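Only one structure is covered here, and it is reproduced in the block below.
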Amino acid sequence: MKTKLIIKECAVKNDKLHIDVKCDIEYDPDVFEPKLKITFLNEEDNLILPIVIRNRRYISFKNIDSLEFFQKFKINDLFLDNKWEKLNLIYLYIMGIKLLMTLHLN
C-alpha cells in the first residue's frame with residue numbers, strides 16, 4: 001500500500017494557523033508512535049514543530065494505520081517579527097526512524 005497523506009485543513013483563522021492532516025500507512029508493529037512534523041520557512045527563520053496525533057486506528061482487514069493529526073499555532077508565536085506573508089511549509093511524516101514522506105507547500 002502507498003502512503004496517503006491528506007491535508008484536511010491548512011488555514012489561518014483569527015491569527016491562528018490550523019493544521020489538520022489525515023494519513024494512512026501500512027501498519028508496522030515496531031512503531032509505537034508515528035510522527036508528523038511541520039517545518040515553517042520564511043526566508044529568515046526556520047522552525048520545526050511536531051503536530052499532535054489526535055487519533056490512531058488500526059484497520060486489520062487492510063493492515064493499515066489510519067492516523068489523524070491536529071494542531072493550532074498562534075502566528076505571532078511562530079515568527080515574532082510578523083514576517084509570515086512569505087511562508088513555506090514542509091510536512092515530514094516519520095514512521096519509527098524512517099522518513100516516509102515529504103510534502104512541500106509554497
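Index from 1, following the sequence. All of these numbers come straight from a predicted model, not from anything done at the bench.
- In this structure, Val21 and Leu36 have side chains that are in contact, with non-hydrogen atoms separated by less than 4.5 Å.
- The CZ atom of Phe32 lies 8.0 Å from the CZ atom of Arg56; values are rounded to the nearest 0.5 Å.
- Under the side chain to side chain contact (heavy atoms under 4.5 Å, CB included) criterion, Asn14 pairs with no residue, sequence neighbours left out.
- What you find for Asp20 and Arg54 is that their closest heavy atoms are OD1-NH2, 3.0 Å.
- For the atom pair CZ (Arg57) and CG (Leu67), the distance works out to 9.5 Å, reported to the nearest 0.5 Å.
- With sequence neighbours left out, Lys22 forms a salt bridge (charged side-chain N to carboxylate O under 4.0 Å, His left out) with Asp24.
- Here Asp65 contributes atom CG and Ile53 contributes atom CD1; the two are 7.5 Å apart, rounded to the nearest 0.5 Å.
- Of all the heavy atoms in Pro34 and Phe69, the pair that sits closest is O-CE2, 4.2 Å.
- Applying the ring-ring contact (aromatic ring centres under 6.0 Å, His included) criterion to Phe73, with sequence neighbours excluded, gives Phe40.
- For the atom pair Lys72 NZ and Glu9 CD, the distance stands at 9.0 Å (nearest 0.5 Å).
- Val12 and Phe70 fall into different hydrophobic clusters, where Ile, Leu, Val, Met, Phe, Trp and Tyr side chains are chained together by heavy-atom contacts under 4.5 Å.
- In the hydrophobic clustering of ILVMFWY residues, with side-chain heavy atoms under 4.5 Å counting as a link, Val31 and Val52 come out apart.
- The line from CD1 of Ile38 to CG of Leu17 is 6.0 Å long, rounded to the nearest 0.5 Å.
- Using a 4.5 Å heavy-atom cutoff, the side chains of Tyr58 and Asn63 are in contact.
- Put simply, CD on Gln71 and CD1 on Ile19 are 9.0 Å apart, with the number rounded to the nearest 0.5 Å.
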